[in-house]
Amino acid sequence: MTTKTVNVPERETPIESMDEAEKGEKCLRMEDDGEIETTKKGKLHVEFANGMSAKSEKANTANAEKTPLQVKQKDDKPLAANAVHDGLEMTDVFPTNEQTIGNRMNVTDEEVQETENPPVDPLELEHQERDKYRASLAGKAIVTVTEVSLRPIVQIGKRDRAYNWTLLIIAIFYALPVVQLVLTYQRVMKSTGNMDLCYYNFKCAHPLGRLNDFNHIFSNIGYVLLGALFVLIVWKRQTAHDMHEREANRNEEETSLGLPPQYGLFYAMGFSLIMEGVMSACYHICPNYSNFQFDTSFMYLLGGLFLLKMYQSRHADISPNAQLAYAVFAFWIFLAVIGVVIDKQWFWTAFAVVLIVGSIPLGIQMYYMGSWKFDLAMFSRCFAMLRGKCMGCSRPTATDRFSLLMMIYAVNWLMALTGAIFAPTDFSTFLLSIVLANAFLYFVFYMFMKIRSGETIPRIAIFFMVLAGITWGGAMYFFLFRLTNWVDTPAYSREGNEHCFFLEFYDQHDVWHMMSACSMFFNFMILFTLDDDLFCVPRADIRVF
């Protein structure tokens, strides 16, 4: 402890000759009289905390009643805050509870320093440095995968696995009430005899048990089987990759080759394809306008996850996490539900405004490589950026990303205005077309940038492109057959019913289920094999686009 000095009259007994008890009594008396001052004439060692010095246990017991140092006040006024005790200046009123001055002074210089200058949170400092680094990348015309894949592989893998597990939880909680609802629809239809409740193709509806239209339910088996097959393919490659990584680490070989391994979104895509089959089957238990949203919910996820996976492949650090991604999907599905309930012109106008305004910060976030913050001031920053880039005729640094930004705005704003002007009758399909248009746009941009960067398109990917093109063409042909139409009256819908034409069991819509399932599977395989040419390329040589 430090040493303080006080004025001591020379005629009194020297402090050095007093014992510990006398020193304590002397100090208390001088404090009560306000006579303690700093001086050079004598020294008084204040060495007590909750009692006298620990040298004499007997002295502590004898003077226990004298040592509580509750500071007394004169004329009911607070003590002047000019006393200095043991290096600690008392600037506030002294404690009046059981805390003693000794406890108050029992603070080291290091603790005082930490109180005045609290330590900086390492995570907060890391986030600040990361934001600065991302901002520096936004000004570069060419960015490599190494620069946006700074997180450890273990952390990237843990973050990536959240996609598939979160999707499984969402699927369970979403599917159970849907199954209960559609079965209730059919039970009510049978009990009341109201066949107008469900829009079947009555000329090709094969019942089985309690199901009135089993063939349209069973034809969705392709989604389930091909989704499970894709999950198995992803698992096989992940297992082989993990074995290769362990072998390379054992031999001290280079492991920073190719794109960072991220398989969580691939698993989520496979599970979504399985759930699309389940939800489509639920819809066909009792197809009508209200239940159509169940058929399209996981189609939104399929298109969104396909788009997100393309972006994640070369943006490991700045791609959105699973919680944010699924929150956006949930908001999109919420809009679909509202569009089914509210079929008014003002809703289409409001949706157009939401789509246009929401696409602005999203596109700029992609252009600036994740360095923008989503807060209340983001729209003012977006306006300033657009005014500087466009109105000020300033040439953007990253022309490729800026071209993508402009294409995103053109496509989404055009579709928003189309919806506001023409107000299509099927809002769910309109939302799905927006998702698919953005996914197709980014896929074309991705392919173009691969070729422009000197990369090659693997033959296996080209093979799946051909198969996807053939199956999509056939699927869309059969999709255009309007065998039922729940937009019109049930009587008018029955006029479009047709007999089974394939194996005397399936109609055109059943074939649409089969071919569209194959098309989605081939699309997934395109994305799965598209960057196989980069397996042996160092990440520092792979461009980000």
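The first residue of the sequence shown is numbered 1, and numbering continues consecutively from there.
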Do side-chain atoms of [X] reach the backbone of [Y] as a donor and acceptor pair under 3.5 angstrom?
| X | Y | answer |
| --- | --- | --- |
| N291 | N288 | no |
| Y409 | I360 | yes |
| N412 | I408 | yes |
| T146 | R539 | yes |
| N438 | I434 | yes |
| Y300 | S428 | yes |
| Y311 | M366 | no |

Subject >> Residues which pass side-chain hydrogen bond (donor to acceptor under 3.5 Å, both in side chains) with S516, listed by chain and number, not counting sequence neighbours >> reply: Y223
Subject >> Residues forming a side-chain hydrogen bond (donor to acceptor under 3.5 Å, both in side chains) with H509, sequence neighbours excluded >> reply: H284, H513
Atom [atom1] of [X] and atom [atom2] of [Y]: how far apart are they, to the nearest 0.5 Å?
| X | Y | atom1 | atom2 | answer |
| --- | --- | --- | --- | --- |
| L480 | R482 | CG | CZ | 7.5 Å |
| F298 | S272 | CZ | OG | 6.0 Å |
| I460 | M465 | CD1 | CE | 11.0 Å |
| I274 | L225 | CD1 | CG | 9.0 Å |
| I333 | L301 | CD1 | CG | 5.0 Å |

**OP:** If a pair satisfies ring pair (Phe, Tyr, Trp, His ring centres under 6.0 Å) and one of its residues is in residues 142-173, list it, with sequence neighbours excluded.
**Re:** none
Return the orientation label for the [X] and [Y] ring planes: parallel under 30°, perpendicular over 60°, tilted otherwise.
| X | Y | value |
| --- | --- | --- |
| Y326 | F329 | perpendicular |
| W512 | F479 | tilted |
| F266 | Y263 | tilted |

**OP:** Would you please indicate if the ring centroids of W348 and F430 are separated by under 6.0 Å?
**Re:** yes
Subject >> The single option from F271, F464, F524 passing ring pair (Phe, Tyr, Trp, His ring centres under 6.0 Å) against F230 >> reply: F524
Original post:
With respect to Y283, which candidate in Y185, Y200, F292 satisfies the ring pair (Phe, Tyr, Trp, His ring centres under 6.0 Å) definition?
Top reply: F292
Subject >> Check ion pair R237-D532 (N to O, under 4.0 angstrom) >> reply: yes
Original post:
Going by an N to O cut-off under 4.0 Å, is there a salt bridge joining D160 and K309?
Top reply: no
**OP:** For R459, enumerate each residue passing the salt bridge (charged side-chain N to carboxylate O under 4.0 Å, His left out) test, keeping only those at least two apart in sequence or located in another chain.
**Re:** none
Original post:
Pairs in or reaching into residues 439-450: which pass side chain to side chain donor-acceptor pair (under 3.5 Å), with residues at least two apart or in two chains?
Top reply: R314-Y446, Y446-D531, K450-E455, K450-D531, K450-D533
**OP:** Write out all pairs satisfying side chain to side chain donor-acceptor pair (under 3.5 Å) with one or both partners inside residues 460-476, taking only residues at least two apart or from two chains.
**Re:** T471-S519
**OP:** Show your working on salt bridge (Lys or Arg N to Asp or Glu O under 4.0 Å) between D400 and R543 and close with a plain yes or no.
**Re:** CA-CA 12 Å; D400 296 331; R543 286 189 58 181; 3.3 Å; yes
**OP:** Under the ring pair (Phe, Tyr, Trp, His ring centres under 6.0 Å) rule, what do F427 and F347 come out as? Steps first, then yes or no, please.
**Re:** CA-CA 11 Å; F427 184 73; F347 177 79; 5.2 Å; yes
**OP:** State, to 0.1 Å, how close A439 and M310 come at their nearest heavy-atom pair, and which atoms those are.
**Re:** O-CE, 3.6 Å
Does a donor on one side chain sit under 3.5 Å from an acceptor on the other, for [X] and [Y]?
| X | Y | result |
| --- | --- | --- |
| Q238 | Y267 | yes |
| S280 | N220 | yes |
| S219 | Y506 | no |

Original post:
Which residue, I233, L226, L467, forms the side chain to side chain contact (heavy atoms under 4.5 Å, CB included) with M525?
Top reply: I233
**OP:** Starting from the C-alpha separation in whole Å, work towards a yes-or-no answer on side-chain hydrogen bond (donor to acceptor under 3.5 Å, both in side chains) for N201 and H216.
**Re:** CA-CA 9 Å; N201 178 12; H216 284 89; 5.0 Å; no
**OP:** Give a yes or no on whether Y477 atom OH has more than 12 heavy-atom contacts from other residues, nucleotides or ligands under 6.0 Å away.
**Re:** no
